[in-house]
Asker: 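Here it is, the structure in full.
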Amino acid sequence: MRDVDHHRHRLANGLLFILVLLGVLYTLSLAQQVLIPMVLAFLFSLVLAPSVKWLERLYLPRPVGAGIIVLVLLSVFSYGVSESVTPVSNWIDSAPAALSKIERKVYPIKKTVEAVSKTAEQVDRITSVDQKPAVKIQDGSLRGALYSNARNLIMGTVMAIILLYFLLSWGRILLLRLARQLHQRGSRHHFLALSEILEVEVSRYLATITLINVCLGVVVAAVLLVVGMPNPVLWGVVAAILNFIPYLGGLVTVVLLGATALLTYEGMVVPLMVIGSFIGLTIMEGQVLTPMIIGRRMALNPLVVFLSVVFWFWLWGVLGALMAVPILIILKLTGEQVEFLQPVSSLLGR
């Protein structure tokens, strides 16, 4: 009888866990317009907190120092957006013609594949350049798709900036007051130690990854400048930003670079050189440079990283994929300090 009751109890707990998990996933998806700016502001606050402390040591009040840091960050972001508007707009305007040109260039490869494919006739009817394209891209449709959520993007950005300022200005005070509510002295000590570790380690990790990605972007831009690719600086920026997304970011960059190279050069030799150079650079960065600089403590299991990127991309889109690795780092560091989360930290490690 006890075994039956124990089995029912475990079954009930399992069902309850599934229901709670589904509820959390639904809440994360439903409230993403609020949660994404909050998580972004929290991550940026961890990175920028040391700068605010440095300004505080120069006898600047914390709110003033936080305001200076946020204004500098906003200026850099605004400059980057303004510089990228013209190239991106030109690319959007030329997208229909570019897709047709790419289709003509890859037509010989498609014919070779068709020769060994059981569905040759269907592929030929769908993708043949001599017939009406199956997917018709009208002028302005891509632009409309990109700008359709502009209002939500602007509101989310404003919310993240305002919340970032408040976190940098008064987040430390709130943290200390939360620590005072912990009656046990040991718990209070562990709470403050954990907050300090997260602030130092996450800021160091993100700063290091940012520096590595900037260097990768500079090298990519230099290589593309040598081979004569248009807008090499823009491609360097794209490579640096997308490299924050493990695996998927590099794949997207390869596809975009390959498509642009096909449009720029005749034949396949130079496009293959461009793609091969970028793949070689990303392999060297991801397999040699980053693990050597980051160290074993911050190393994560590649399978867990990939699954996390896919999950957060499915849940929150591109911004979720960008935040996937920092979220894993926070979980890993928290697991090292909190006893009941130590199995999670062990699972996330390499």
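Every heavy atom of this structure was used, including side-chain atoms; hydrogens, water molecules and symmetry mates were not.
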Asker: Is there a side-chain contact between Ile293 and Leu211 in this structure, where contact means two heavy atoms from C-beta onward sitting under 4.5 Å apart?
Answerer: no
Asker: Indicate yes or no for a side-chain donor-acceptor contact from Thr290 to the backbone of Gly286 under 3.5 Å, with no hydrogens or angles considered.
Answerer: no
Asker: Do you know which two heavy atoms are closest between Leu168 and Ala66, and how far apart they sit?
Answerer: CB-CB, 3.6 Å
Asker: Contact between Ile330 and Phe42 at the side-chain level, heavy atoms closer than 4.5 Å - yes or no?
Answerer: yes
Asker: Determine, using the 4.5 Å side-chain heavy-atom cutoff (strictly less than), whether Ile327 and Ile36 are members of one ILVMFWY cluster.
Answerer: yes
Asker: Can you see which heavy atom on Ala239 is nearest to which on Phe278, and at what distance?
Answerer: CB-CE1, 3.9 Å
Asker: Rounded to the nearest 0.5 Å, how far does CD of Gln33 lie from CE of Met159?
Answerer: 8.5 Å
Asker: If two hydrophobic side chains count as joined below 4.5 Å and joins carry through other members, does Val255 share a cluster with Leu262?
Answerer: no
Asker: Could you tell me which residues satisfy side chain to side chain contact (heavy atoms under 4.5 Å, CB included) with Leu348, sequence neighbours excluded, listed by chain and number?
Answerer: Leu300, Val304, Leu328, Leu331, Lys332, Val344
Asker: Could you work out, with side chain to side chain contact (heavy atoms under 4.5 Å, CB included) as the rule, every residue matching Ile161, not counting sequence neighbours?
Answerer: Val70, Leu74, Thr157
Asker: Which heavy-atom pair separates Ala160 from Ala41 by the least distance, and what is that distance?
Answerer: O-CB, 3.6 Å
Asker: Any side-chain heavy atom of Leu73 within less than 4.5 Å of one from Leu164?
Answerer: yes
Asker: Which pair of heavy atoms, one from Glu199 and one from Ala49, lies closest together, and at what distance?
Answerer: CD-CB, 3.6 Å
Asker: With side-chain contact (heavy atoms from CB on, under 4.5 Å) as the criterion, how do Leu216 and Ile212 come out once you've worked through the C-alpha distance, each side chain's angles and the decisive distance to 0.1 Å?
Answerer: CA-CA 6 Å; Leu216 175 66; Ile212 292 173; 5.6 Å; no
Asker: Shortest non-hydrogen contact from Ser203 to Val200?
Answerer: OG-O, 2.9 Å
Asker: Could you list the donor-acceptor pairs under 3.5 angstrom formed between side-chain atoms of residues 312-325 and any protein atom two or more places apart in sequence or on another chain?
Answerer:
residue	atom	partner	partner atom	Å
Trp316	NE1	Leu28	O	2.9

Asker: Do Tyr247 and Val305 come close enough that some side-chain heavy atom pair is under 4.5 Å?
Answerer: yes
Asker: Do Ile241 and Ile245 belong to the same hydrophobic cluster, where Ile, Leu, Val, Met, Phe, Trp and Tyr are linked whenever their side-chain heavy atoms lie under 4.5 Å apart, directly or via other members?
Answerer: no
Asker: Hey, does the side chain of Ser346 reach the backbone of Gln342 with a donor-acceptor pair shorter than 3.5 angstrom?
Answerer: no
Asker: Quick check for you: to the nearest 0.5 Å, what is the distance between Leu25 atom CG and Leu30 atom CG?
Answerer: 12.5 Å
Asker: Do other residues, nucleotides or ligands put more than 12 heavy atoms under 6.0 Å from Tyr205 OH?
Answerer: yes
Asker: Are side-chain heavy atoms of Phe166 and Leu174 found at a separation under 4.5 Å?
Answerer: no
Asker: To the nearest 0.5 Å, tell me how far Leu163 CG sits from Phe44 CZ.
Answerer: 12.5 Å
Asker: Rounded to the nearest 0.5 Å, what separates atom CG in Leu198 from atom OG1 in Thr334?
Answerer: 4.5 Å
Asker: Does the pair Thr210 and Phe244 meet the rule for a side-chain contact (heavy atoms from CB on, under 4.5 Å), with working shown?
Answerer: CA-CA 8 Å; Thr210 301; Phe244 281 98; 3.6 Å; yes
Asker: Between Val237 and Leu251, is there shared hydrophobic-cluster membership here, with clusters defined by ILVMFWY side-chain heavy atoms closer than 4.5 Å?
Answerer: no
Asker: Only counting residues at least two apart or in another chain, list the ones meeting ring-ring contact (aromatic ring centres under 6.0 Å, His included) with Phe77.
Answerer: none
Asker: Any side-chain heavy atom of Leu257 within less than 4.5 Å of one from Leu224?
Answerer: yes
Asker: List the residues meeting side chain to side chain contact (heavy atoms under 4.5 Å, CB included) with Leu60, not counting sequence neighbours, and say none if there are none.
Answerer: Leu55, Val64, Ile68
Asker: Starting from the C-alpha separation in whole Å, work towards a yes-or-no answer on side-chain contact (heavy atoms from CB on, under 4.5 Å) for Leu46 and Leu206.
Answerer: CA-CA 9 Å; Leu46 293 177; Leu206 292 178; 5.8 Å; no
Asker: Could you check whether atom CH2 of Trp170 has more than 12 heavy atoms from other residues, nucleotides or ligands sitting under 6.0 Å from it?
Answerer: yes
Asker: Mind running side-chain contact (heavy atoms from CB on, under 4.5 Å) on Val310 and Phe306 for me, showing each step along the way?
Answerer: CA-CA 6 Å; Val310 171; Phe306 178 76; 3.9 Å; yes
Asker: Should Tyr26 and Val34 be counted in the same cluster of Ile, Leu, Val, Met, Phe, Trp and Tyr side chains packed under 4.5 Å apart?
Answerer: no
Asker: Applying side chain to side chain contact (heavy atoms under 4.5 Å, CB included), name anything that partners Ile283, two or more places apart in sequence or on another chain.
Answerer: Ile279, Gln287
Asker: If you round to the nearest 0.5 Å, how far is CZ of Arg204 from CD of Glu201?
Answerer: 5.0 Å
Asker: To the nearest 0.5 Å, tell me how far Ser169 OG sits from Ile69 CD1.
Answerer: 11.0 Å
Asker: Are more than 12 heavy atoms, taken from residues, nucleotides or ligands other than Met38, located less than 6.0 Å from that residue's CE atom?
Answerer: no
Asker: Measure across Glu336 and Ser345 and return the closest heavy-atom pair with its distance rounded to 0.1 Å.
Answerer: CG-OG, 3.3 Å
